[in-house]
Each structure stands twice: as structure tokens, then as C-alpha cells.
There are 2 protein chains.
Amino acid sequence: MKTQNRSYREIAEVIKKRIENNEYPINALIPKQVALAEEFSVSRTTIAKALDILISRGFLYTRRGAGTFVTKSMVLSKQDFYVQDYIGLTNQFPDDTVTSKIILFEIVFPDEKVQSALNLKAEVPVYNVIRLRLLNGQNYMLEHTRMPVHLIKGLHSEILQKSIYKYIKETLKLTMSGAWRKIFADKPNEQDKEYLGCTETDPVMRVEQIVCLTDGEPFEYSITTRKYDQGSFIVIDQKSRF
Amino acid sequence: MKTQNRSYREIAEVIKKRIENNEYPINALIPKQVALAEEFSVSRTTIAKALDILISRGFLYTRRGAGTFVTKSMVLSKQDFYVQDYIGLTNQFPDDTVTSKIILFEIVFPDEKVQSALNLKAEVPVYNVIRLRLLNGQNYMLEHTRMPVHLIKGLHSEILQKSIYKYIKETLKLTMSGAWRKIFADKPNEQDKEYLGCTETDPVMRVEQIVCLTDGEPFEYSITTRKYDQGSFIVIDQKSRF
DNA sequence: GAGTGGTCTAGACCACTTG
DNA sequence: AAGTGGTCTAGACCACTCT
């Protein structure tokens, strides 16, 4: 019944659900690798690979010689942003209404910063988009995005009002594989005050990111800005490998 | 000459150095897995595991059917903080002088927040430490740490002036294995203004973290605060697995 | 000493890219 | 069609924990 390959990911999903359903309660010892291998009819190596995913996500931890245990779960507030998994606002809030107001939409030549971020020459045109993103009708964040025109073909304002990522994935059939993100606090600028309702003493949180396609080609350079009280950024880090 | 096991980590280190030395230049195709397996006299599986590390760190990317390539490197400013690898200030700045001024050092019973973070009962005593950390003599960050007394035995002020992590690792022989971190911007409080030189309009960046030992037991709950212009937080995210 | 996870091997088949 | 990475297997030995 395996969907051919990738069974280790499916097994990880199943085990994750068991943790979420309390079938494997917090701090409990879960079945040993050999038993799981037998249950799923795979080799022990495949089970180890599945468990590795859940370990790196912070769901499980192991003690060599003792077994594999369920980690005490960390509370994630709904508005918090699990940095390592971010794939767009629409995905972060699937149960809420995410809309966008287009503040700027043009095609320009990239400045030096953008050339370097997107690995482009100066004469390759890029979209230059500023959107105000609203969550359930409330102003939520400002997003300034630059994307190469030749990669993200046929972008138009109707798409910008919904989800760019959805368009990239479903219409263009492109897959993203990685991102580099820089998170920092800043003083609000005029635009932040206007659109996010910041006063002079309200800090903002900015995320500068470069997102790449499967082939490592960067297709998005963006800076998003939120008011300081609109959520936090969560980073889970397990089992460092160096 | 293998140190017994862990050869995949050593191989990853060697390949990482080759990238850093430009022996494998940016965007270049590196030798195929079978060739590397032969070079290092290991199986292809071991090479794949080594490459996985470098892929997740953002140094390499693969294209099935084509090969493994070096990623365009992302610039990390020296003061930036690579979140997934953080193991203390002393480690972040090995070439600088990190000192500490102890502002508070006491043993108390944990409040509810700390009980929950460290998985402790109310009657289990914890250290309550506030330190001002200085980098090359300059005030750099404020750190408020709570640690269970029974885990971090024999802490005293001399250790606090240097590195707690070094003490935990070298004297207590404990190993840390994971962390949960929440990053957020905030307005400065009185303490931030006093010690970090913030004015009313200078945002601060706080990191709330829970750090665990190998067995998953939390041993540190801390909140660190920096002035907004004292570095950023970098998160690299490659090859999401779900 | 028995049991568990960590690592490694040699070989296999598949999915995808490239000439 | 040939070549590359992705995944999987069956089995092995080691390091560590538990008793």
C-alpha cells in the first residue's frame, strides 16, 4: 500500500498523529524501533529516518540504550509563527480570512541589493510589489516583495489580492525548497505608522527573506513588517549535528 | 583513522571546508555521491547522510538526476546570530572578550511560568540570575536565567562571570541537545534603559528560550534582551520534510 | 548480560535530468 | 539510454542504559 517511496515521511506523520492524539502520551516511552519496523513492515533504517524527522521537530527525543520518548510539548500560540515551516500567510492562518491591499505593483530593474539577493544581473526585470496584508479585515502586516519576472510569469493584481504562493505552486507548478531568513526589530518608518497603526514608540519586527525553488534558484526577496505585538517567531532546534 | 562512528559528520565537515575554501565554488557541481563514497572509503548511504547535513544548513542543494550543487552563500554579518546553532555568547564570539556583571543571583521557588517551562514542582528551588553581558567591555545584552538547583549543582558567582554553558559542559559533564526559542520585539523597560542605554523609542529584541539536556529534561529558562541594533537572528530552512 | 538506539555497509530499484 | 540523487532493505557492530 506504500505510495512508492517516501514511506518514511508517511510513517512520521502517523507517529506524529499518535502523539497529538495522546496515544503516545507526554514523557512516555514509545515502541522500540524494531517493533515499529515490524508494525509498518519496513526496515529499521526507515523507522530511524522517520523518527529523525520528529526528533528534529522536537516531538521526540532518544536516549541511547534506553529508548525513544515523547517530549513535553511546547505551547504555540495561534498567532505565533513557526519560523522553520513558514510558507505564506494564507497557509499560516488557514482558518482565517487573509486579504491584501495592493499599495504598489510595478516592474523595475533590480538595485544592487536585489541583484545580489536574487542572483540577477542589473538588466533582468523584477516585480516590485508592496502589499498590506489583512487578517479578518484587520491590518496585519506590510510586505515588500521582489521577484524575477521571468520566473513568476503572468502575475497580475487579482493574484496579488489572494496568495502568491498558491499561484506559484498550483498554476506555475513550481516547488520551493528552502529559505534564508533574517529577523530583527526596528523603529517604525512612515509607512509602518500609516498602515500598521504604529506610534513613535511602537517597535516593529521585520523579516527579510530569500526563498528558493527546488533547484536552489532564488525567486523571492522580501521584507515583511509587523507591529511588535502581532505574534512571535518560534524556532525549534533539536539534536545539533556538528 | 575513523574515530569510530560519526564518520558522516566528519565527512560533512571536510566537504564544508572545501566549500569555504572555494575548492567547490559557488554554483558548481560537486562530485557525485558514488565518487565521494569511493574517495572517503565509505558507503554511498553514509555520503548521503553527510550531504543531508550540509543541505539542511543551506550549503548545498540537489537536483535529482542532475547532481549536487553549491548554494550561493548567504552573507552572515559577524554580529548576526545563527539561531539554530546558538550555544551561548562565549561561543558566538570566540574571538572577543565576553564578560558579565551579576545584577541578581539568588535561589528562589519557581513561579507558575517557570514551573511550566522547566517542568518543575513549586517546591523545587531554582537559581534566579540576572546578568549584564559585555562584549569587549561594551554593554551588550541582559540575560535573565532560571535553572533548577538540583541539575546545575554548585553554581557560584565566579562561574557566572564567565560562561555557564562551559561549566555545564566541562565540569558537570552534561550535554544539551535541544532548545525551544521565541523571538519577539518589545518596548524597552526600565532595566533595558538603564543597562542597555535604550531611549523610549529604541526597540529591544527578546529571546525567550527553554534549553534541554540530552534526556529531554529542561535545565534553563531564560529571557535575553538586546537593543534593536545589536544584531539579527538568522534562520536557515532547507528541504522541509513534511 | 540483555536490550536499545547510533551508525554503517553493499546492494537494489525508482524518479528524474540530460545528451 | 545513461547518469544522478532518493529511498529502501537486511544485516551488522558499537555505545550506552538498565537490572
Side-chain angles (χ1 to χ4, degrees), chain A residues 1-13 15 28-56 60-71 173-175 177-178 213-217 238-242, chain B residues 1-13 15 28-56 59-71 173-175 177 213-217 238-242:
Chain A
M1 186 55 78
K2 278 183 292 184
T3 325
Q4 251 183 354
N5 271 349
R6 301 204 162 184
S7 78
Y8 73 96
R9 295 191 199 207
E10 292 167 17
I11 292 169
E13 271 296 355
I15 295 176
L29 181 65
I30 76 167
K32 59 189 175 191
Q33 295 184 353
V34 189
L36 290 169
E38 200 166 326
E39 183 196 334
F40 289 100
S41 306
V42 295
S43 74
R44 195 188 135 211
T45 316
T46 301
I47 293 294
K49 215 170 165 184
L51 296 180
D52 266 351
I53 295 174
L54 298 172
I55 291 165
S56 73
L60 296 173
Y61 67 90
T62 56
R63 289 169 51 206
R64 181 188 278 205
T68 303
F69 302 83
V70 180
T71 309
K173 310 265 184 222
L174 297 173
T175 337
S177 78
L213 299 172
T214 313
D215 62 356
E217 189 162 13
Q238 293 291 325
K239 197 193 192 181
S240 88
R241 309 190 96 136
F242 281 138
Chain B
M1 188 52 79
K2 280 183 293 186
T3 326
Q4 250 183 356
N5 271 349
R6 301 203 163 186
S7 77
Y8 74 95
R9 295 191 199 209
E10 292 167 16
I11 292 170
E13 271 296 355
I15 296 176
L29 180 65
I30 75 167
K32 60 188 174 190
Q33 294 185 353
V34 190
L36 289 169
E38 200 168 322
E39 182 196 334
F40 289 101
S41 307
V42 296
S43 74
R44 194 188 137 212
T45 316
T46 301
I47 292 294
K49 215 170 165 184
L51 296 180
D52 266 350
I53 296 174
L54 297 174
I55 290 164
S56 75
F59 291 105
L60 296 174
Y61 68 90
T62 57
R63 288 169 52 205
R64 180 188 280 204
T68 304
F69 302 83
V70 180
T71 309
K173 309 264 182 223
L174 297 173
T175 337
S177 77
L213 299 172
T214 313
D215 62 356
E217 189 162 12
Q238 292 292 325
K239 198 195 193 180
S240 88
R241 309 190 95 139
F242 280 139

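Proteins get letters first, then strands, A, B, ... in listed order; numbering begins at 1 in each.
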Under-4.0 Å side-chain N/O to phosphate OP1/OP2 contact, B:Ser7 with C:dC8: yes
Map B:Gly65 and A:Leu51 onto DNA chain C by nearest heavy atom, then report which one ends up closer to the 5' terminus. A:Leu51
Scanning both residues in full, the closest heavy-atom pair of B:Val70 with B:Tyr61 reads O-CE2, 4.0 Å
Quick one: side chain to side chain donor-acceptor pair (under 3.5 Å) pairs with a partner in residues 29-38 of chain A, sequence neighbours left out? A:Gln33-A:Arg44
A:Ile11 CD1 to D:dT7 P, in whole Å, measures 13 Å
Phosphate oxygens OP1/OP2 of D:dT9: is one of them under 4.0 Å from a side-chain N or O of A:Thr45? no
A:Leu60 has an atom CG; how far is it from atom P of C:dT4, in whole Å? 17 Å
Evaluate the criterion side-chain contact (heavy atoms from CB on, under 4.5 Å) for residue pair A:Leu29 and A:Thr68; output intermediate values, then yes/no. CA-CA 6 Å; A:Leu29 181 65; A:Thr68 303; 5.7 Å; no
Please state how far atom CZ in A:Phe40 lies from atom C1' in D:dA10, giving the value in whole angstrom units. 19 Å
Look at the side-chain N and O atoms of A:Thr62 and state whether any lies under 4.0 Å from the OP1 or OP2 oxygen of C:dG6. yes
Go through the N and O atoms of the side chain of B:Arg44 and the base of D:dG6, and report whether any donor-acceptor pair is under 3.5 Å. yes
Would you mind reading off the distance between B:Leu54 atom CG and D:dG5 atom P, rounded to a whole angstrom? 14 Å
Please report the closest heavy-atom contact between A:Ile53 and A:Ala12, naming both atoms and the distance. CD1-CB, 4.1 Å
Please determine whether a side-chain nitrogen or oxygen atom of B:Arg63 lies at a distance below 4.0 Å from atom OP1 or OP2 of C:dT18. yes
Please state whether the phosphate of D:dT7, meaning OP1 or OP2, lies under 4.0 angstrom from any side-chain nitrogen or oxygen of A:Tyr8. yes
Do any N or O atoms from the side chain of A:Thr62 and from the backbone of A:Gly67 form a donor-acceptor pair under 3.5 angstrom? no
Contact list for DNA chain C against residues 28-38 of chain A - heavy-atom distance below 4.0 Å: A:Lys32, A:Gln33
Looking at A:Thr46, does any N or O in its side chain come under 4.0 Å of the phosphate oxygens OP1/OP2 on D:dT7? no
Ignoring backbone atoms, test whether A:Arg64 places a side-chain nitrogen or oxygen under 4.0 Å from the OP1 or OP2 oxygen of C:dG3. no
To the nearest angstrom, how far is A:Ile55 atom CD1 from C:dT7 atom C1'? 14 Å
To the nearest Å, give me how far apart NZ (B:Lys49) and C1' (D:dT7) are. 14 Å
Smallest separation among heavy atoms of B:Val42 and B:Ser7, with atom names: CG1-OG, 4.2 Å
Roughly how many Å is it from CZ in A:Arg9 to P in D:dG6, rounded to a whole number? 10 Å
Could you grab the distance from atom CG of B:Leu36 to atom OG of B:Ser41, nearest 0.5 Å is fine? 11.5 Å
Counterpart residues, side chain to side chain donor-acceptor pair (under 3.5 Å), relative to B:Ser43 (two or more places apart): B:Thr46
Would you indicate, yes or no, if D:dG5 has its OP1 or OP2 atom less than 4.0 angstrom from a side-chain nitrogen or oxygen of B:Thr68? yes
Atom OH of A:Tyr61 to atom C1' of C:dT4: distance rounded to whole Å? 14 Å
